[in-house]
Visitor: 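Sharing a structure here in structure tokens format.
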Amino acid sequence: MSESQSHSAAAGENPEGRKPGSQNLVSQRPESQKLEGWNRPARTEPEADGQLLEVSMGPHHPSTHGVFRMDVALDGERVIRLRPVFGYLHRNHEKLGEGQSYLSSMPYTDRLDYFCSLSNNWAYALAVEKLAGQQVPERAEYLRVILAELTRFQNHASSIGFLIQEMGASGTPLMYAFREREKILDLFEELTGARMMCNYMRFGGCRVDASPAWLEKARARVAALPGFVDEFERLLATNEILMARCQGVGILRPELAVNAGVTGPMLRASGVGYDIRKVDGYGIYNRFSFRVPLGEHGDVYDRFMVRLLEMRESVKILEQALKEIPAGPVMDPRLKLRNFRPKPGEAYGRIEAPKGELGFYLISDGGPNPYRYRVRPPSLINLTILEDMCLGHSVADVVLISGSVDIVLGEVDR
Amino acid sequence: MKTVEQIKAAIEAAVAGAGVEVVPNPSPSGQHSLRIEPGRAVEVARFLRDDAELALDFLSNVTGVDWLDREIEETVTETRTVTRMVDGVEQAVEETVEETRQRIEPGFLEAVYHLYSVAKKHGPVVLRMRTVNRTDQVELPSLTPIWRSAEFQEREVFDLYGIIFTGHPDLRRLLMWPGFKDHPMRRDYVEPDDFEYEPTAHDRVLERALAHQAASEAASTAAGEKASEPAEAAEQQGTEADA
Amino acid sequence: MFGEGILKGLAETARNFFGSFVSAERLTTVEYPEQRIAPFEAARVFPFLVYDGEDWLAGLRCVACQICEKECPPQCIFIEKSKDKKPDFVGKPQSYPMRFEIDISVCMSCQICVEVCPFEAIKMDTAFELSTGDRFGGLLLNLTQLAKPNAYYRQIHPTGAAEVDARMAEEMAKAEAKAKTATDAAAKAAADAAATKAADATPAAGDASQSRPDEESRR
């Protein structure tokens, strides 16, 4: 992909993003990133007279978005070590997938990242389609794009809402985000039958077709979305408290981000223009014109801003897709879902899920069940550098930084 | 982007004795993989990351695969000399015999790495490494020093498959708890019988519940309750020590 | 100006607060037990079994093929096949379920059973107020609780039911035509037997033709 397609549209370019007047509000904390070398963060040693305080944040801490624990060693308020502890929600999703047919795994993928079930469906369907070499009808591709972008919109809106709530603004932005999310979930329910566990896509297409009435309704809802993004931006983007708390906190360098496999808005906030929708052009994404927002500082504020701008880009894609959607079947009627046995082989399919690169790796031995079924969870891998980002910050900032990673524990633990 | 054969040639030119082998993938995805020798894996990985043309700076996915011992049945055609009575006279006759033989191909654990390039925007390049067997020689070199994204994923593979990654900075269990003994993603893993009885509609579950109840009742009457307590206490201590 | 951003945000909250009195877009809350939203037609909660006609045992479409039992991802369906057979809607002898149980405490409402069913026998219900005091027996639905008339299916999923009814009527017409050609070709002695068979199929045919005006009036 050429450089022209990605651009720097984050805080720097946005006139409302960062003002010179408010720059002095950036807290004068010690430079957080004391990273020498790549592979282990250089842990700051406690001061000679300082006593270490070991705190277990979580697993039932409201800021951890679920059951996730961080074993933090503190020197006063300063974090000098942080160890994430996983597994509280582990149900061996991959083992379940190996014990049942390809079709039966589809509803389980909904439960990985339960905020974005339709993206998960798509990633799994894509991997199986690669494995079996199936073609997807045109209309189904459009429906997939529409649903995935609606998913991305509602995920980003609520993830910003959660981030602000963790900052102390208990409720207001989150409730506004949820109000919009409800409207999108209504669309999901009308089409797929469920609000969150949609179980909609199938390898080789989609389960049911969207009626013209649904498409009209979706167009009306999408037309109202830019108004909501404007409102959200007016509410939050220039708020001095938010800027003071977010700017310069949890900085992630681009080289480390790439090396640590960070993907999604986290990576783009660090200024790396890598969006799988552009790079792989999976589905029909290369037909739409949209831009990839990039941050320049790689801090919490840039992550917030990149998500906000990505919501705008999603609306752009939605408008184009809803305009161009052709008539036709959504699935080849000859395709059989039951007794589906792909030929032996393997495939790795990945998509740009709202949280990052979601991949499915499948090995078939010719049987009705996959021999190996692996999920590459973006939430888990984005947490690799949590310690690096948090070192030297205070406890209140740890909450903020882990909130800006945007994790869902259903996917982290699987 | 280079084909797998070209990448193989490039690796062999750069790293002496890399021992790269192309593993073809018959599926329509066409993602062929490269099997590398564990001994030179770190050098190969460093070359792949730092090479200007490949620039595979982004390790997307690390996973394990368990391949069990396979019983292979093959038909062998063999010519051998047999003594046989021909027309009343004993003669040595050449004879072609078809024989079905069974041999056991030993199983192994495999680590699979999916590499992409953020700089060049190409990929995937699939690397595979195999352990010697599934039981005692399960060490593989860790690629975490090259790509940090392997840190949690290799821990997960260690946890669920039992591959020991030498050179990993922090090799602990990721998802299971520290006192846990087995590796649940292995294909021959047997679930422990810690089932709690709850009536459901399923025969299999009910049968298991009944068997479990009978076994636990028999155990409690035979051994008495005192014997089981110290064992539990010891196990708990072990867990704490591990943690 | 310092504090401008906060003031801007406060103006936005004020607009939302006052707007919620006039705009339905800003106040989406529904006071649930008093107010209700009608479920969407596609909504799915737990499966039920469809039967045709009046007698649920005779009209049950399920032939106990156990495909749904095998495909169910959380394995919540339990079926016991009958030893004898009974005629289905086209008159073909088929097995029927002696026991058909769904453990709805396990069911995850994924609709895979509906998708794989070749006989249009299992469909998704939209009733969601199913709380019960007995968490074992109360959540294990048996055949009598699961069987619901086709009229109910038409009521909750009108579009889907119309498609199914049309397909079944077509199948029945095909079966009738086949029976007719068979009778024509057969000898007189066989014709008598075929006539009684056709007479058996008539009540079911009447049921399907009755459904048509009913649906049109609903549209």
Side-chain angles (χ1 to χ4, degrees), chain A residues 1 38-40 83-90 92 94-95 98 127 129-134 254-263 267 272-274 276 278-280 342-350 357 359 361-364 371-372 374-376 380-381 383-385 388 412-414, chain B residues 23-33 49 57-67 110 112 114 116-124 126 128 142 144-153 155-157 159-160 168-170 172-178 180 184-187 189 191:
Chain A
M1 289 290 134
W38 291 79
N39 294 311
R40 291 308 300 163
R83 279 213 178 121
V85 182
F86 309 99
Y88 294 95
L89 210 58
H90 179 54
N92 225 342
E94 294 177 6
K95 189 94 178 170
E98 286 169 22
E129 280 151 16
K130 275 195 177 177
L131 184 68
Q134 287 171 328
E255 317 85 70
L256 178 63
V258 172
N259 191 264
V262 173
T263 43
L267 179 67
V272 183
Y274 193 74
I276 298 165
K278 289 275 189 204
V279 175
D280 282 9
K343 290 193 185 73
E346 61 173 59
Y348 179 67
R350 56 174 198 164
E357 175 189 327
Y361 174 59
L362 298 166
I363 299 181
S364 166
Y371 185 82
R372 178 79 179 96
R374 151 86 179 162
V375 187
R376 186 234 188 242
L380 172 69
I381 295 159
L383 282 174
T384 310
I385 34 68
D388 307 49
V412 172
D413 290 343
R414 284 160 294 136
Chain B
V23 183
N25 178 5
S27 99
S29 70
Q31 295 166 345
H32 308 292
S33 44
R49 188 190 73 189
D57 48 4
F58 170 47
L59 170 62
S60 167
N61 180 38
V62 182
T63 187
V65 188
D66 183 9
W67 299 97
E110 197 171 34
V112 185
H114 284 82
Y116 285 87
S117 171
V118 167
K120 301 263 176 176
K121 303 208 159 82
H122 59 65
V126 191
R128 316 179 88 93
S142 168
T144 309
I146 313 294
W147 294 286
R148 177 96 186 272
S149 60
E151 188 184 337
F152 284 178
Q153 302 191 71
R155 269 178 70 186
E156 189 186 325
V157 175
D159 184 357
L160 303 180
H168 191 287
D170 185 23
R172 289 176 293 136
R173 283 187 180 272
L174 183 83
L175 297 167
M176 307 305 280
W177 55 99
F180 191 77
M185 276 303 283
R186 289 204 184 184
R187 309 252 342 156
Y189 171 74
E191 268 179 75

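FYI, side chains are in, hydrogens and waters are out, and symmetry mates aren't considered; it's all heavy atoms of this structure.
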Visitor: How close do E346(A) and S27(B) get, counting heavy atoms only, and between which atoms?
Guide: O-OG, 3.1 Å
Visitor: Examine whether an atom of S364(A) lies under 4.5 Å from a heavy atom of chain B, and if so say whether it belongs to the side chain, the backbone or both; otherwise answer neither.
Guide: neither
Visitor: Chain B heavy atoms under 4.5 Å from Y88(A): which part of the residue, side chain, backbone, both or neither?
Guide: neither
Visitor: Chain B: which of T263(A), T384(A), L267(A), V85(A) shares the most heavy-atom pairs with it under 4.5 Å?
Guide: T384(A)
Visitor: For the candidates V412(A), L380(A), V272(A), which exhibits the highest count of non-hydrogen atom pairs separated by less than 4.5 Å from chain B?
Guide: L380(A)
Visitor: Against chain A, label V62(B) side chain, backbone, both or neither, depending on which of its atoms sit under 4.5 Å from a heavy atom there.
Guide: backbone
Visitor: Side chain, backbone, both or neither: which part of D57(B) has an atom under 4.5 Å from a heavy atom of chain A?
Guide: both
Visitor: Side chain from CB out, backbone as N, CA, C, O: work out which of these in Q153(B) comes under 4.5 Å of a heavy atom of chain A, or both, or neither.
Guide: side chain
Visitor: Where does R187(B) contact chain A at under 4.5 Å (heavy atoms): side chain, backbone, both or neither?
Guide: both
Visitor: If you measure from NE2 on H90(A) to CG on L174(B), what distance do you get to the nearest 0.5 Å?
Guide: 9.0 Å
Visitor: Only pairs of heavy atoms separated by less than 4.5 Å count here; which of G87(A), A260(A), G133(A) has the most with chain B?
Guide: A260(A)
Visitor: Checking V258(A) against chain B: side chain, backbone, both or neither under 4.5 Å from a heavy atom?
Guide: both
Visitor: Select one option (side chain, backbone, both, neither) describing which atoms of D413(A) are under 4.5 Å from chain B's heavy atoms.
Guide: both
Visitor: By a 4.5 Å heavy-atom criterion (distance strictly below it), what part of D159(B) contacts chain A: side chain, backbone, both, or neither?
Guide: neither
Visitor: For P84(A) and F152(B), work out which heavy atoms get closest and say how close.
Guide: CG-CZ, 3.8 Å
Visitor: Counting only non-hydrogen atoms closer than 4.5 Å, does E357(A) touch chain B with its backbone (N, CA, C, O), its side chain (CB onward), both, or neither?
Guide: side chain
Visitor: For A119(B), is there any backbone N or O sitting under 3.5 Å from a side-chain donor or acceptor partner on Y274(A)?
Guide: no
Visitor: Would a 4.5 Å heavy-atom cut-off, applied to side chains only, mark R374(A) and H114(B) as touching?
Guide: no
Visitor: Is the NZ or CZ atom of R350(A) both under 6.0 Å from the centre of the six-membered ring of Y116(B) and within 45° of that ring's axis?
Guide: yes
Visitor: Would you name the heavy atoms of P28(B) and L131(A) that are closest together and state the gap between them?
Guide: CD-O, 3.0 Å
Visitor: Examine whether an atom of A127(A) lies under 4.5 Å from a heavy atom of chain B, and if so say whether it belongs to the side chain, the backbone or both; otherwise answer neither.
Guide: neither
Visitor: Do R148(B) side-chain atoms and L256(A) backbone N/O form a donor-acceptor pair below 3.5 Å?
Guide: no
Visitor: Work out which heavy atom in S60(B) is nearest to a heavy atom in R376(A); give both atom names and the distance.
Guide: O-NE, 2.8 Å
Visitor: Could you tell me which portion of I381(A) (side chain, backbone, both or neither) has an atom closer than 4.5 angstrom to a non-hydrogen atom of chain B?
Guide: side chain
Visitor: Rounded at 0.5 Å granularity, tell me how far CE in M176(B) sits from CG in N92(A).
Guide: 7.0 Å
Visitor: Quick one: are E94(A) and E156(B) in side-chain contact, heavy atoms under 4.5 Å?
Guide: yes
Visitor: Please look at P184(B) and chain A and tell me whether the side chain, the backbone, both or neither of the residue comes under 4.5 angstrom of a heavy atom of that chain.
Guide: both
Visitor: Non-hydrogen atoms of chain B under 4.5 Å away: do they reach the side chain of E98(A), the backbone, both or neither?
Guide: side chain
Visitor: Taking P26(B), S29(B), P24(B) one by one, which has the highest count of heavy-atom pairs under 4.5 Å against chain A?
Guide: S29(B)
Visitor: What residue, out of P342(A), P344(A), G359(A), has the most heavy-atom pairs lying under 4.5 Å from chain B?
Guide: P344(A)
Visitor: If only atom types and distance count, is the side chain of N259(A) paired as donor or acceptor with the main-chain N or O of I146(B) below 3.5 Å?
Guide: yes
Visitor: Can you tell me which portion of Y361(A) sits under 4.5 Å from chain B's heavy atoms? Options are side chain, backbone, both or neither.
Guide: side chain
Visitor: Taking the side chain as every heavy atom from C-beta outward, state whether R83(A) and R172(B) have any atom pair closer than 4.5 Å.
Guide: yes
Visitor: Given heavy-atom pairs under 4.5 angstrom as the criterion, report whether the side chain, backbone, both or neither of I363(A) touches chain B.
Guide: side chain
Visitor: Chain A: which of V112(B), V126(B), L160(B) shares the most heavy-atom pairs with it under 4.5 Å?
Guide: V112(B)
Visitor: Has the side chain of K121(B) got a donor or acceptor atom that lies under 3.5 Å from a matching backbone atom of D280(A)?
Guide: no
